[in-house]
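All values below come from the heavy atoms of this structure, side chains included, with hydrogens, waters and symmetry mates left out.
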Amino acid sequence: MADFVKVATVDEIAVGEILPLTVHHRDIVICRTADGFFAVADECPHDSSPIALGHVDGHEVVCPRHGARFDLATGDVTAPPAVVGIETYEVKVESNDIFVKLN
Amino acid sequence: MSDAIKQQNESLSTLNADYAAKYGFHDPVDYFHKGARGLNHEVVEMISRMKKEPRWMAERRHEALDIFYSKPMPKWGNQQALGEIDFENIYYFMKPIERQQDNWDDVPEYIKKTFDRLGIPEAEQKFLGGVSAQYESEVVYHSMKEDLKKQGIVFLDMDSGLREREDIVKKFFGTIIPSTDNKFAALNTAVWSGGSFIYVPPGVNVTVPLQAYFRINAENMGQFERTLIIADKGSRVHYIEGCTAPVYSTDSLHSAVVELIALDDAYIRYTTIQNWSRNIFNLVTKRATVHKNATVEWVDGNLGSRLTMKYPCIQLVGEGARGEVLSVAFAGVDQHQDAGAKMIHAAPNTSSRITSKSISKDNGRASYRGLVKIHKNAVNSKVSVECDALLIGDDARSDTYPTMEIDSEKVRVEHEARVSKVAEEQLFYLTSRGLTEDDARLLIVNGFMEPFTKELPLEYAVELNRLIELEMEGSIG
Amino acid sequence: MTTMNKTDVEYTIPEVTPELERGPVWLRDQRRASREAFNVAEVPPRGLHLWRYTDPKTFLYDRDAVADTAYSENYDIVEKIELDNLKNGNIAALATDLGGRDIKLNGADELAKQGVVLSSLSSAVEHHHELVENYLYRLVNARTGKFEAMNGALWNDGIFVYVPDGVTVDKPIHLLRESGLARSSQFPRLLVVVGKNAELTLIDEYGGGSLDENEGISHANGAVEIFGLEDSRTRYVMLQRQASAMKLYLTHRAQIERGASMLTVPLAFGALLSKENFGVTLNGEGADSNMYGLLFGSGYQHFDNHTLHHHAADNTSSNIDFKVVLKDRSHSAYTGLIRIDNDARTCQAYQENRNLLLNEGVRADTIPELEILNEDVQCSHGATIGPMDPESVFYLEARGIERDEAIRMIVSGFVDHTLKTVPDDLRQRIGTFVAQRLERI
């Protein structure tokens, strides 16, 4: 399943918003920052909380339960208590459509 | 039921009735400052100003207070007991004497008296690697052996640590346990006072255990120590924390935060013997981050308090890191020891072991609550968990709530738990060899605890055995 | 449709439809109470105990949107096998339950000669009303939980089995419960009463459901209540082999009285997502319960299983052996609780959970729990999680057995102990499920 899948349209997500989706049996979220669209797993690696209920802050996404932060571009942890990064997925936008590539 | 056993049952009901006489003395203390009860941003500001802290720490405190307000109480665990905590009826800061003592002779007599009754001075004198004896919210006594100083080892109370080594504190404070972690970590961050700060330079082996005695002594008085230990590359350190407390009639809250950092190839052992009086809520967050080929060991004994909730956590973030938790809990009348361990494997070839021993007696309740988490990248990791629970009495309760989350295939995770009462055959064997039933039971309980006690320095092992003996006095059949 | 937008589902059960508004007053009261309880109960917060691994919203859906009554052709095949089994005398009777609505019975008349009742629940409400009123909703009801209340309000028809005191049903009774195709939803229900010193073996087989996610998911929410009266002996095998686009929520509760024994065998192979909860209360002195679970996950399957052994009486004993095999990207979460009450003395309870991980990408969670409220017990549990023992594979390879075959042999050995508890003819059918899953290793 290395292909890009259309998951949403650009106008569905405003800057700073999070859209939760299930794509090919995987729960993911699409986050929109000023820089564009990013896709990460909808599960905080720290304590399995859904990321969908968190918020976007600049280029980071913040877990709602314990405040762990992740860089949306790389998935790296930028604030504890998480110790491993969040899974990221490649995103591309063509005209009004958002595509995600699951590895 | 034989008469002898009936008698034992009766004497059991009065067990610890004299606890107050044994431990519950408290000395009239002329507090230098005795703030008002309750918590708000003014209190937080006052604490920070009295300590003459840098502004960033004051801001940290205020931010944490807001997080404390926004976080819900835990929805798991002993809901009834947790519901009894009245945050508005607690003193959040006290200061017993104005200036720090750096000489044992200068420690006020009433504090020494308290230590005497618990046999602390002997252990201290013998081991005096450095002492920060905390009485109320501030360190009253602090001394450090000259050779520790020469080796560049920093062993200070946390307030002094912030003053003298602000660079290190600022770099590591709250990086293992952020305020957002849980309600009590937020509370601690807002009002912390005292605790220990240790930095061991690269390659230095601290050959004597560093010790600190904690004690609280005021009605509805919260204690919020903050401890930060950093073992730099290839260094070794053993820290010992022990505490006892007098009895008071209303509840008291103790909520510490302890952060350990073991950099590459370092070794930290953190030993605690917790014996708070039975009106204390002891809600503690302890967590360690372990880097490449480093080791952290939590050796954790819980005897006192009314409710303890404590799950020392080890995050194995470097390849080949190793973690171990060895814990013992003793839950007597009306006590709930809710303790456990968390092991987070976040790097390849990491290994860990958890050994938990608990004794529930009378209507006491001991719970093991644990988490083992193996992340995808932690290939070839090994975990073993063993929980043993001993029940003494018809109304004793034991719970085991382990959670194992395994996200990697090439791992080996093993968990075992057993719950039983003192075996009749063992009792029979020992009594047939001339021991009284009480002595036989004590012997069996001591044997059960042995894997823990043998890890303690001799003085502590002796003290612990004495405490167990007191607990077991006139035990039931 | 492989992409789903997960907007919040707000679903309440409207007035009970006229179709369900029938039967005696007590039954209508129970339905209404269940409906009220469902509508009032909050969705369990995600992350709390028992809801850490499965989103509860998965089980909320608007029933009115789905009334598809088509069934897979597959079910005819299985029904035919079992009818042959009945003809050949391998089983005592067969009940086919289509979508928790239409109940077909074969062999029930023969059983009736012994006084054994095998009937639809709707018929039993009429003809055995005292038994049904006394037992239905006793173990799974409005107070059990939101989703149990959902079944309690919306079940249409179900199956009732009654074995009178002293009667032994010497062959298994087979229940075949077929779910509808895409976008269907069903609420199967089963009530079993095994009389004093009576004996019963019950095979409860769940199949069907949507085969293709693109066509839509199908849902089932099932409830099973089993009563083992004094000195009874009950064996209950639950085989779940639902289709790959099916989501299942099922709560099983059994209660056994003095001297009774119960064997429960939950076997799970199917469904895309399933949350199954098996519980036995040992309610009388000397009661004995054994549970042998087996779960084999493949593809993207998600299993969330619970077991409960609740000791509520003296001298009771229980044992659980729950095995999990996972391959591809499947996920299993298993939570097993042993509870021993304060007034249940001299009890013994054991539990074991072993997880075999066949490749990278799987995930196994296990939470074996104990709550022991008195000292007079012997209790232990153990759990292991790991890959196949490389030494065993190496050993077999060294003897000239190919790697794939060696793996198959080891997995077969792992599951064999559990399958020994299942009647012969069924074991063969289960053997094929295991073999199919091992083909692509």
(request) To the nearest 0.5 Å, tell me how far A:R65 CZ sits from B:N182 CG. (result) 11.0 Å

(message) For B:R353, is the CZ atom crowded, meaning more than 12 foreign heavy atoms sit under 6.0 Å from it?
(response) no

(request) For residues A:S48 and B:E405, determine if any side-chain heavy atom of one lies less than 4.5 Å from a side-chain heavy atom of the other. (result) yes

(request) Nearest 0.5 Å please: distance from the NE2 atom of A:H66 over to the CG atom of B:D181. (result) 6.0 Å

(message) If you count every heavy atom of other residues, nucleotides or ligands that lies below 6.0 Å from B:K342 atom NZ, does the total exceed 12?
(response) no

(message) Quick check on B:K75: does its NZ atom have over 12 non-hydrogen neighbours (other residues, nucleotides or ligands) under 6.0 Å away?
(response) no

(message) Can you give me the closest heavy-atom contact between B:G174 and A:P80, atom names plus distance?
(response) O-CG, 4.1 Å

(request) Can you spot which of B:H375, B:K376, B:Q315 makes a side chain to side chain contact (heavy atoms under 4.5 Å, CB included) with A:V84? (result) B:H375

(request) Might you confirm whether atom NZ of B:K292 has over 12 heavy atoms from other residues, nucleotides or ligands at distances under 6.0 Å? (result) no

(message) Can you confirm whether A:P45 sits close enough to B:K373 that some side-chain heavy atom of one is under 4.5 Å from a side-chain heavy atom of the other?
(response) no

